[in-house]
Asks: 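Below is one structure. I have some questions about it.
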Amino acid sequence: MSDSRSDKGTRLARGVQKLLHDMGYDSLMEVKLRIRRRVDVMGINEKGRIIIVEVKSGPADYRVDEKWSEYLQFCDEFYFAVDAEFPQDLLPYNHGLIIADAFGGAIVRTSADFNLNAARRRNVTLRFARIAARRLLETENPIKEKFNVF
């Protein structure tokens, strides 16, 4: 996660990733979309369905962030993820809700199905794959300058 992400937000995102894994999704944190916005967690399953999860570490985090609505056009399902103490009535009722901690999470309200169109799905999937490949390359060979890809 980026340096701007709170420790609590990072723990919640890891719990969300565990939940997505248990649901059959592979996921990444901090995925940059073509609109130059960065989603907290994105998951893709073997059928190509895409989930975006916006992690909120507290009410203040939610109140200052309005960009999440731009993510809806890039996924099949959209969720907010918060901890058990978060005042859920602050969140829009028409979107999915995950209650999470550092070790996992549970969907308490399912998302609407946004039925991502085929062209956008291809674009998002390709971007996801390229980000994952770059992160793997950086892990396997941390000499970034050698490849001049970052």
Side-chain angles (χ1 to χ4, degrees), residues 1-58 60-83 86 91-92 95-107 109-150:
M1 305 285 302
S2 72
D3 293 336
S4 64
R5 166 72 57 203
S6 72
D7 287 343
K8 182 178 185 179
T10 300
R11 289 191 305 271
L12 292 175
R14 288 183 180 143
V16 166
Q17 285 191 290
K18 171 75 168 87
L19 170 65
L20 292 180
H21 174 78
D22 292 347
M23 294 169 54
Y25 285 78
D26 294 303
S27 64
L28 293 171
M29 288 190 271
E30 300 269 337
V31 176
K32 191 172 183 182
L33 301 173
R34 73 170 174 78
I35 58 171
R36 302 198 184 279
R37 297 283 191 205
R38 192 170 304 202
V39 301
D40 293 329
V41 180
M42 178 183 284
I44 298 179
N45 72 7
E46 66 182 19
K47 293 181 180 179
R49 286 193 56 83
I50 297 168
I51 289 180
I52 290 179
V53 181
E54 180 69 3
V55 176
K56 294 298 168 202
S57 58
D61 182 21
Y62 174 73
R63 287 187 183 108
V64 299
D65 182 6
E66 305 245 341
K67 66 186 183 302
W68 61 265
S69 62
E70 296 175 39
Y71 304 160
L72 303 178
Q73 61 187 313
F74 295 94
C75 60
D76 294 297
E77 296 177 52
F78 176 83
Y79 292 88
F80 286 102
V82 298
D83 68 11
F86 189 97
L91 300 170
H95 292 298
L97 178 61
I98 295 171
I99 302 299
D101 61 21
F103 306 102
I107 294 175
R109 186 170 59 233
T110 58
S111 170
D113 189 341
F114 295 105
N115 255 340
L116 191 59
N117 73 51
R120 173 96 18 106
R121 181 179 313 284
R122 181 185 181 281
N123 177 276
V124 173
T125 301
L126 183 58
R127 182 174 292 273
F128 183 94
R130 290 179 52 94
I131 290 169
R134 286 182 183 145
R135 289 182 186 175
L136 182 59
L137 176 63
E138 184 177 338
T139 301
E140 291 177 346
N141 192 338
I143 305 170
K144 297 177 194 177
E145 300 80 22
K146 179 179 178 182
F147 296 100
N148 196 25
V149 293
F150 299 96

Asks: Thinking salt bridges, do Asp83 and Arg11 make one under a 4.0 Å N-O criterion?
Replies: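 Salt bridge flag = no for Arg11 with Asp83.
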
Asks: Please name the pair of heavy atoms, one in Asn117 and one in Arg120, separated by the smallest distance, quoted to 0.1 Å.
Replies: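 That would be OD1-N, 2.8 Å.
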
Asks: Side chains of Met29 and Val16: closer than 4.5 Å at any heavy-atom pair?
Replies: no

Asks: Would you check if the side chain of Asp101 reaches a backbone N or O of Gly104 as a donor-acceptor pair within less than 3.5 Å?
Replies: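 Indeed, once roles are kept as given, a pair shorter than 3.5 Å links the two residues.
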
Asks: Taking atom CZ as the centre, does Arg122 end up with more than 12 heavy-atom neighbours from other residues, nucleotides or ligands that are less than 6.0 angstrom away?
Replies: no

Asks: Would Phe86 and Leu91 count as a side chain to side chain contact (heavy atoms under 4.5 Å, CB included) if you check the C-alpha gap in whole Å, the side-chain angles of each, and the deciding distance to 0.1 Å?
Replies: CA-CA 10 Å; Phe86 189 97; Leu91 300 170; 3.7 Å; yes

Asks: Would you indicate whether the side-chain heavy atoms of Met23 and Ile107 approach each other to under 4.5 Å?
Replies: yes

Asks: How far apart are the C-alpha atoms of Ile52 and Val41, what are their side-chain angles, what is the distance that settles it, and do they pass the side chain to side chain contact (heavy atoms under 4.5 Å, CB included) test?
Replies: CA-CA 6 Å; Ile52 290 179; Val41 180; over 6 Å; no

Asks: Pick one: which of Leu20, Asn45, Ile44 meets side chain to side chain contact (heavy atoms under 4.5 Å, CB included) with Ser27?
Replies: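 Testing Ser27 for a side chain to side chain contact (heavy atoms under 4.5 Å, CB included) against Leu20, Asn45, Ile44 leaves exactly one candidate, Leu20.
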
Asks: Taking the side chain as every heavy atom from C-beta outward, state whether Phe74 and Ile35 have any atom pair closer than 4.5 Å.
Replies: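 Touching, per the 4.5 Å side-chain cut-off.
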
Asks: Taking the six-membered ring for Trp and the full ring for Phe, Tyr or His, determine whether the centres of Tyr62 and Phe80 are under 6.0 Å apart.
Replies: yes

Asks: Shortest non-hydrogen contact from Ser57 to Gly9?
Replies: CB-N, 4.1 Å

Asks: Do Leu28 and Met42 have side chains that get closer than 4.5 Å, going by heavy atoms?
Replies: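 The answer is no; the side chains never approach within 4.5 Å.
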
Asks: A side-chain contact here means heavy atoms from C-beta on lying under 4.5 Å apart; do Glu30 and Ile131 qualify?
Replies: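 In short, these two side chains do not touch, never coming nearer than 4.5 Å.
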
Asks: Donor-acceptor pair, distance only, cut-off 3.5 Å: does the side chain of Arg37 make one with the backbone of Tyr71?
Replies: no

Asks: Any side-chain heavy-atom pair from Asp40 and Val53 closer than 4.5 angstrom?
Replies: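 When only atoms from C-beta onward are counted, Val53 and Asp40 do not touch, as no gap falls below 4.5 Å.
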
Asks: Under the salt bridge (charged side-chain N to carboxylate O under 4.0 Å, His left out) rule, what pairs show up with a residue in residues 42-53, not counting sequence neighbours?
Replies: Arg49-Asp76, Arg49-Glu77, Arg49-Asp113

Asks: Look at the side chain of Arg121 and the backbone N and O of Leu116, then say whether any donor-acceptor pair between them is shorter than 3.5 Å.
Replies: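 Side chain of Arg121 to backbone of Leu116, a donor-acceptor pair under 3.5 Å: yes, one is there.
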
Asks: Does Asp22 form a salt bridge (Lys or Arg N to Asp or Glu O under 4.0 Å) with Lys18? I'd like the steps, not just the answer.
Replies: CA-CA 6 Å; Asp22 292 347; Lys18 171 75 168 87; 3.0 Å; yes

Asks: Quick check against the 3.5 Å criterion: does Arg109 have a side-chain atom that pairs as donor or acceptor with the backbone of His95?
Replies: yes

Asks: With sequence neighbours left out, what residues match Tyr79 under ring-ring contact (aromatic ring centres under 6.0 Å, His included)?
Replies: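 If we apply the ring-ring contact (aromatic ring centres under 6.0 Å, His included) test to Tyr79, skipping adjacent residues, there are no hits.
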
